[in-house]
Amino acid sequence: MDSELLIAQLLRWYDSQGRILPWRENREVARSAKSRSAYLESPGPYRVWLSEIMLQQTTVATVIPYYNLFIKKWPNVHTLARASLDEVLACWAGLGYYARARNMHRCAKIISKKLNGKFPETEMDLMALPGIGSYTAAAITAIAFNQPAIAIDANVERVLSRLHAITEPLPKAKKMISTHAQSFIPNPRPGDFTQALMDLGATVCKPRQPSCYNCPWVKSCKAEAIGEADTFPRKLPKPARPERYGVAFWAVRRDGFILLRRRPEKGLLGGMMEVPGTEWRLEEWSEHELMETFPFIANWSRLPGSISHSFTHFKLQIIVYIAHIDGRIARNGGRWYKYSDFQNLALPTLTNKIIRHVREYTSY
DNA sequence: TACTCGTGGTG
DNA sequence: TCACCAAGAGT
């Protein structure tokens, strides 16, 4: 294929059809100035880095409000480095993949204190930082510093799988896709090009019902040529997700405070707050078992209904027991919180679902 | 390498 | 309704 032609076609498309996003405010300037080169000035590595971390496995629409909040609260890497991890996790709550927030905070401290606030500019040096892998390193190199690199994400994998009609299923096809991607390096506008490729995948070369009639590459696309664009990329079937069962214990103190606890730093929902409960196992919990599992002696009563939540590799069904407590017992690291303090806590969506469920059935 | 790690939107 | 999907990284 003629790489130079493809590059020119995609950049032309990007100049008129590329998205304007909060972490691309330079594009707004470029487009309104009708500049040929949308690359006027990078938004800066901090903004590029922050957006790329948030965008890992997360949709643009979900990220935007979080990105705006973070930029407003911590406008540069030094302010973010000075924030407490608790504060960062509380602001990240609901965005998922919480290891990202912990790694991001660690990374900010390293850049602020050890690197004098200066982001590394090569993929190798960037990848040495926590939370930055091959994709994010390439994205920062290309977008923030306009140096030759191509970030290969799920969009790019899909676009190139179709362009070359790669029948090898993912993830085995990654190596071949990467080889094809290298043919676009170097090019005159590395930052714009890598974003153009992602925009094409997000708005035209979509997973389902791709708009091939709007694609600048339609004449070169091998998958489209055989009328099977939407069948690429091929993928290996995913294993079924098992159902797990858990019980949450909603303890209310006489003054109305609720017992919550912090999850361990590592693992699922690491460092986030939860309603105390049983482990999540493959077997349902019997009433008889729970008699020995309640965190303390009280008049526990079961709330009607249940909560369903879906994680990446298993589904979870939670039932809730509620009790009013006289003493100020707080076992295994739990702490009492009042409702008005909940907004400042790192509450993941699962915990919020349990809270909402309780509020439906009680007056709290 | 293959598994772990969230959540919300979509068809 | 539910399986699929997303600007992946760490281990």
Side-chain angles (χ1 to χ4, degrees), chain A residues 18-19 21-24 47-67 89 92-104 106-107 126-144 149-159 170-172 174-175 178 181 191 193-203 205-210 230-231 233 235-244 263-272 274 280 308-316 346-353:
Chain A
R19 292 173 293 179
L21 299 167
W23 44 91
R24 286 184 189 170
R47 290 173 180 238
V48 174
W49 166 72
L50 183 61
S51 66
E52 291 299 342
I53 300 294
M54 288 184 167
L55 286 161
Q56 288 166 6
Q57 294 287 283
T58 310
T59 57
V60 165
T62 302
V63 164
I64 286 176
Y66 285 89
Y67 173 82
L89 283 175
W92 194 278
L95 198 51
Y97 286 136
Y98 298 98
R100 290 186 296 172
R102 295 195 295 277
N103 285 331
M104 183 185 74
R106 273 206 298 149
C107 185
L126 284 163
M127 280 210 284
L129 293 167
I132 299 181
S134 57
Y135 162 80
T136 306
I140 295 173
T141 301
I143 301 168
I150 289 199
I152 302 175
D153 70 335
N155 288 308
V156 178
E157 287 176 352
R158 183 170 58 255
V159 170
L170 287 169
K172 285 192 73 177
K174 282 175 183 286
K175 198 161 191 176
S178 175
F193 186 82
T194 204
Q195 294 182 93
L197 213 41
M198 289 190 272
D199 277 23
L200 188 69
T203 65
C205 198
K206 298 172 293 183
R208 285 171 290 202
Q209 299 181 358
D230 61 343
T231 71
K235 288 187 179 179
L236 258 32
K238 291 175 182 173
R241 286 178 302 174
E243 183 90 25
R244 291 177 176 270
R263 292 179 59 85
E265 289 298 319
K266 293 189 175 180
L268 188 66
L269 304 175
M272 307 297 284
E274 68 173 356
W280 303 336
S308 297
H309 192 72
S310 196
F311 292 105
T312 307
H313 50 293
F314 66 95
K315 299 176 186 175
L316 181 62
L347 302 177
T349 297
L350 172 62
T351 303
N352 276 320
K353 281 185 180 177

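Fair warning: this is a prediction, and the values are worked out from it, not measured in the lab. Chain A is the first sequence line, chain B the second, and so forth, proteins listed ahead of strands; every chain is numbered from 1.
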Report yes or no: is there a donor-acceptor pair, N or O only, under 3.5 Å between the side chain of A/R19 and the base of C/dA7? yes
Using the six-membered ring of A/F314, assess whether NZ or CZ of A/R244 lies under 6.0 Å from its centre and within 45 degrees of the ring axis. yes
When the distance from CD of A/Q209 to C1' of C/dC4 is rounded to whole Å, what number comes out? 14 Å
Closest to the side chain of A/Y98, out of C/dA7, C/dA9, B/dT7, is B/dT7
Against the side chain of A/L21, the closest entry in C/dG10, B/dG6, C/dA7 is C/dA7
One pair to check against salt bridge (Lys or Arg N to Asp or Glu O under 4.0 Å): A/R263 and A/E274. What are the steps and the verdict? CA-CA 7 Å; A/R263 292 179 59 85; A/E274 68 173 356; 2.8 Å; yes
Under a 3.5 Å threshold, yes or no: a donor from one side chain and an acceptor from the other, between A/R19 and A/T203? no
With the side chain of A/R208 defined as its heavy atoms from C-beta on, choose the nearest nucleotide among C/dG8, B/dT10, C/dA7. B/dT10
Whole angstroms only, please: what is the CZ-P distance between A/F311 and C/dC4? 19 Å
Which nucleotide wins on minimum distance to the side chain of A/W23, given the candidates B/dT7, B/dT4, C/dA7? C/dA7
N/O (side chain, A/K315) to phosphate O (OP1/OP2, C/dT1) under 4.0 Å: no
Is A/R158 close enough to C/dA6 that one of its side-chain N or O atoms is under 4.0 Å from OP1 or OP2 there? yes
Take atom P in C/dA7 and the same atom in B/dG11, then report the distance between them in whole Å. 14 Å
Between A/R100 and A/N103: side-chain donor-acceptor atoms closer than 3.5 Å: no
Please tell me which of the listed nucleotides, B/dT7, C/dG8, C/dC5, lies nearest to the side chain of A/P207? C/dC5
Do A/H309 and A/K353 get their side chains close enough for a donor-acceptor pair, meaning under 3.5 Å? yes
A/H309 side-chain N/O to B/dT7 phosphate OP1/OP2 under 4.0 Å: yes
Please determine if a side-chain N or O atom of A/T59 lies less than 4.0 Å away from the OP1 or OP2 oxygen of B/dT7. no
By nearest heavy atom, map A/G267 and A/K353 onto DNA chain B; which one lands nearer the 5' end? A/G267
hbond_proxy A/T58 side chain to B/dG6 base (donor-acceptor, 3.5 Å cutoff): yes
Among B/dC5, C/dA9, B/dG6, which nucleotide has an atom closest to any side-chain atom of A/H313? B/dC5
Let me know the distance between CH2 of A/W92 and C1' of B/dT7, rounded to the nearest Å. 13 Å
Regarding the side chain of A/A202, the nearest nucleotide among B/dG8, C/dG10, C/dA7 is C/dA7
Of the listed B/dG6, C/dA6, C/dA9, the closest approach to the A/S134 side chain comes from C/dA9
OP1, OP2 of C/dG10 versus side-chain N and O of A/Y97: anything below 4.0 Å? no
Would you say A/Q56 places a side-chain N or O within less than 4.0 Å of OP1 or OP2 belonging to C/dG8? no
Using the P atoms only, state how far B/dG8 lies from C/dA9, rounded to an integer number of Å. 22 Å
Which nucleotide in the list B/dC5, C/dA7, B/dT7 gets nearest to the side chain of A/L268? B/dC5
Taking C/dA6, B/dT7, B/dT10 as options, the one with an atom nearest any side-chain atom of A/A154 is C/dA6
Within the 6.0 Å centroid threshold, strictly below: A/W92 and A/Y66: no
Phosphate OP1/OP2 of B/dT4 contacted by A/T312 side-chain N/O (<4.0 Å): no
Expressed as a whole number of angstroms, how long is the span from A/K266:NZ to B/dC3:P? 21 Å
